[in-house]
Each structure stands twice: as C-alpha cells, then as structure tokens.
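Notes for the one structure printed next.
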Protein chains: 2
Amino acid sequence: MGHLHEDMREIAQCGLPSALEVMGERWSFMILRASFNGIRHFEDFQGQLGIARNILSNRLHRLVENGILKREPVPDDRRRVEYRLTEKGIDLLPTLVALRQWGEKYSARTQSSLTIVDARDRKPIAPIRLHAADGRPLRYEELDWEESEKVGK
Amino acid sequence: MGHLHEDMREIAQCGLPSALEVMGERWSFMILRASFNGIRHFEDFQGQLGIARNILSNRLHRLVENGILKREPVPDDRRRVEYRLTEKGIDLLPTLVALRQWGEKYSARTQSSLTIVDARDRKPIAPIRLHAADGRPLRYEELDWEESEKVGK
DNA sequence: AAAAATCGGTTGCGATTCGCCACCTAGTAA
DNA sequence: TTACTAGGTGGCGAATCGCAACCGATTTTT
C-alpha cells in the first residue's frame, strides 16, 4: 500500500543497470571524455587523467570488451597501441554532454577547455533537453510516465 | 609532440569531474531513477533497488548534502521521512534518460516498465541528441571542438 | 496499558576495489 | 650496445561495498 506503481517489482529494468555495468565504474566517463578529446594512447590517458596505471589498464580493457573502445596496434611503431571510440562509444556523447552541462550549471567554476560547437557557425551547442517524438522540446511539466508492457514496439 | 590539443594540461576541467563527484558513486543513478519513479521512502528505495541499508543511507545523505534530493520528515507519521527531488535533481533527467536510452539500445533485453511520454499525446519521447543553438538537431559529423578560453560568457 | 510491528537508521566485519609504487617485456632510438 | 619508450603487470596497504544483526523512536494491535 502506498505504492505509486504497484506492479513494478524490485528492479523494473530500464536499460540503466546495463549501462551502468560499464559506465558506472570509476574513471569510465573521464576516459570516455579524453577519447572524445582525441586521446588514444595509454600514456596520454594516464598523464591527462592522473589515474593509476593498473586501474587505467583495467578500465581500458573493460571498455574494449564492452565495445565502447576498440584497441588496435599502430603499424608504424609496434610498441604503441591505439584506443579509439567505436560507434557504440560515440553514442554515449549525448549522455556525456548532458552530465557535463549539469556539472557546469551547478559548480562554481566556469566551464573551460574544449567545448563542442556546431561546425557550421562555430557556436556552442544548446543545452541538452528532452524532446517529443515530433521534435518539439518538452519541459518537465509536460512529461508523464507510462507503463508500457507492450514489448512488441 | 603528437598532442592534438597542446595547451590543455592534466585535467581540462569541464564540469564532468564535479558531476561525477556525486553521481559517479555506485547506486546514485539508480536511486535517482527510483526518485523519478515516485519512490520517496527509505524502505521503498531499499526494497526496490536491493541495496544494502548502510550504503543506501550513505548515498541518500550524499545526495541530500549535494542538493540533489531534499530530506523532509512526514508530519503525519514521525517515523517516516521523505526524500524528494530538488530542481537540481530534476535537472539530471536528460542525463538519466540519455544513459538509459543508450543502455536500451545496446542491451539485449527490450525496454520495460515505465517509459517517459509526452503528456499531450502520450507518445514516447524522442531519443536524446545534440542540438545547435538554434534548435536544429546535429549529427556527430557536424560537430567540432573549440578552445574557448573566454571565461566571459 | 502492554506487546508487537514499522521506519529509518547504525555498527561489525569480511570481501572487493582503489591507488601508489616498483618492476618487466618488447620494440625503437642514440 | 646501450638507453629509452610504450604498455602493461604484481604486491600491498587503504578505502569502499555489502551482508547481517541490532537499535531507538514511533505507531498499531491486542
């Protein structure tokens, strides 16, 4: 009694848990951001993030095994290896940007360093928000939650 | 040498670290999602998420002290306490949805339970993506990174 | 009025995970 | 042939996680 949504039990899987399985680990988002910034090599990740080498090694492997980064040796120099974003990794950009914008909105320090701009007019992109299926932006008050059991589509 | 972006050193703070300080901890996003689903009470969070009580207690306090949730006693029953989203917490919805949509796109299991719909036509919201300042949606290829030192605005 | 249940925690304690530091191997440069 | 670089791995103490038991303040039930 008192439950708003009676029939959801325990987890109500919504894709969040599976997303967090990888991205919920410490450093994952920071590594991802570095990747978007063009970082590709182990030593560069390490230097830029200040992360311990064993942790970095572990995270890179987990990101690779989850298809977010791909690891490929550099032909010219067989010591070196490149970690680059896959399409799956690139698809995390909206999440990353939303998180970053939120952090910037609520932290004292002004935004800094690289910002993402529209290549056309070089103006910064808009704050990320929710949109209706037809593209109309939606405010929080215009939303509702619906129980969609229909797995079909 | 070899650096794509010479002048950014070490961290290149972008609001991400400050965002992750709270939301990077285990369970934070799951708790947030439960909040959006209407969960407000300790026991309900615990039951729904299956999280250990001490961890839950710790996370709730951290979310409160960071202004994401507010904790207020229930007048009618002085045993009970309510944890509710603040505006700052509500502002995390785009991040949460983006993460969830990504998880759903790349995990086998179909989406489930509560989905967010446009209250007007009750159709599910659109996938989250980046938009230009004028509202035009942007593809990844249309983006560029710019060094914006100008703190002014 | 007394006993039982509920709610929101806290405390111990073992199991993981994190993070610093040293070290190692293959490949390249001097 | 010696030195250096890139990308790791291993040991070990410190911090965090998670289970289970317990607790104090309040209702609820009997």
Side-chain angles (χ1 to χ4, degrees), chain A residues 1-4 10-11 16-17 20-32 34-35 38-66 68-85, chain B residues 1-4 10-11 16-17 20-32 34-35 38-66 68-85:
Chain A
M1 63 264 295
H3 281 282
L4 264 73
E10 285 284 325
I11 314 195
L16 239 206
L20 290 172
E21 189 178 325
V22 209
M23 297 313 297
E25 290 182 303
R26 204 165 299 187
W27 295 108
S28 291
F29 271 110
M30 293 298 287
I31 290 171
L32 198 76
S35 290
I39 301 298
R40 288 175 184 163
H41 300 288
F42 189 94
E43 306 285 338
D44 293 337
F45 283 111
Q46 203 280 317
Q48 176 155 107
L49 301 181
I51 177 177
R53 306 178 68 84
N54 52 350
I55 309 294
L56 175 58
S57 176
N58 176 284
R59 278 318 104 87
L60 288 173
H61 279 89
R62 292 212 15 89
L63 289 168
V64 167
E65 80 186 2
N66 278 278
I68 293 165
L69 297 179
K70 54 180 180 286
R71 178 189 189 279
E72 42 197 32
V74 174
D76 304 19
D77 185 342
R78 289 193 305 172
R79 292 170 299 182
R80 312 198 87 194
V81 165
E82 284 191 349
Y83 292 93
R84 339 177 52 123
L85 289 163
Chain B
M1 66 274 277
H3 282 280
L4 264 74
E10 286 285 324
I11 315 197
L16 238 206
L20 290 171
E21 189 178 324
V22 209
M23 296 313 297
E25 290 181 305
R26 203 165 298 187
W27 294 109
S28 290
F29 271 109
M30 292 298 287
I31 291 172
L32 198 76
S35 291
I39 300 299
R40 288 175 186 165
H41 300 288
F42 189 94
E43 305 285 339
D44 292 338
F45 283 111
Q46 203 280 318
Q48 177 155 104
L49 301 180
I51 176 177
R53 306 178 70 82
N54 53 348
I55 309 294
L56 175 58
S57 175
N58 176 284
R59 278 318 106 86
L60 288 173
H61 279 90
R62 288 204 31 79
L63 289 169
V64 167
E65 80 186 2
N66 278 278
I68 293 165
L69 297 179
K70 53 179 182 286
R71 177 189 190 279
E72 42 196 33
V74 175
D76 304 18
D77 184 341
R78 290 194 305 174
R79 289 171 302 182
R80 312 198 87 195
V81 166
E82 284 191 350
Y83 292 94
R84 340 176 51 123
L85 289 164

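Remember, predicted model here, so these are calculated numbers, not experimental data. Each chain gets a letter, A, B and so on, in the order the sequences are listed, and its residues count up from 1.
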Item to complete: Check every atom of dC19(D), dC18(C), dT5(D) against the side chain of Ala52(B) and return the nucleotide holding the closest atom.
Response: dC19(D)

Discussion item. Less than 4.0 angstrom from a charged side-chain N to a carboxylate O is my criterion; do Arg79(B) and Glu43(B) meet it?
Written reply: no

Worksheet item: Out of dC4(D), dC17(D), dG18(D), which has the shortest distance to the side chain of Arg79(A)?
Response: dC4(D)

Worksheet item: Between Leu49(B) (CG) and dG8(C) (C1'), how many Å, whole number?
Response: 16 Å

Worksheet entry | Between P of dC19(D) and CG of Leu56(B), the distance in whole Å | 12 Å

Discussion item. Rounded to the nearest 0.5 Å, what separates atom NE2 in His61(B) from atom CG in Leu56(B)?
Written reply: 10.0 Å

Practice prompt. Quickly work out the Ile51(A) CD1 to dC20(C) P distance and round it to whole Å.
Written response: 10 Å

Worksheet item: Would one find a side-chain N or O of Arg26(A) under 4.0 angstrom from OP1 or OP2 of dG19(C)?
Response: yes

Worksheet, complete the sentence: Whole-Å distance, Asp76(B) CG to dG8(C) P, equals 14 Å

Worksheet, complete the sentence: Nearest-nucleotide check on DNA chain D, Tyr83(A) vs Asn54(A); residue mapping nearer the 5' end is Tyr83(A)

Discussion item. Base, sugar-phosphate or nothing for Asp77(A)? Non-hydrogen atoms, less than 4.0 Å.
Written reply: sugar-phosphate

Worksheet item: For His41(A) and dA6(D), is the shortest distance between a side-chain N/O and OP1 or OP2 below 4.0 Å?
Response: no

Worksheet item: Rounding to a whole Å, what distance do you find between Ile39(A):CD1 and dG7(D):P?
Response: 12 Å

Response to the item:
Whole-Å distance, Glu25(B) CD to dT16(D) P, equals 8 Å

Fill in: N or O in side chain of Ser57(B) less than 4.0 angstrom from dT10(C) OP1/OP2
yes

Practice prompt. Determine the contact category for Arg78(B): base if any of its heavy atoms lies under 4.0 Å from a base atom, sugar-phosphate if only primed atoms, P, OP1 or OP2 are that close, otherwise nothing.
Written response: sugar-phosphate

Worksheet item: For Lys70(A) and Leu85(A), which heavy atoms make the closest approach, and how far apart are they?
Response: NZ-O, 3.3 Å

Discussion item. From CE of Met30(B) over to C1' of dC17(D), roughly how many Å is that when rounded to an integer?
Written reply: 16 Å

Practice prompt. Decide yes or no for Leu69(A) and Arg84(A): does some side-chain heavy atom of the first lie under 4.5 Å from some side-chain heavy atom of the second?
Written response: no

Worksheet item: Does Trp27(B) place a side-chain N or O at less than 4.0 Å from the phosphate oxygens OP1/OP2 of dG18(D)?
Response: yes

Item to complete: Tell me what Arg53(B) touches on the nucleic acid: a base, only sugar-phosphate, or nothing, going by heavy atoms under 4.0 Å.
Response: base

Item to complete: Find the distance Glu43(B):CD to dT10(C):P and express it as a whole number of Å.
Response: 13 Å

Item to complete: For Ser35(A) and Ile31(A), indicate whether the former's side chain and the latter's backbone hold a donor-acceptor pair under 3.5 Å.
Response: yes

Practice prompt. Check whether any side-chain nitrogen or oxygen of Arg71(A) sits under 4.0 Å from OP1 or OP2 of dG8(D), and answer yes or no.
Written response: yes

Discussion item. Side chain of Ile55(B) only, heavy atoms from C-beta on: which candidate in dG7(D), dC7(C), dG18(D) is closest?
Written reply: dG18(D)

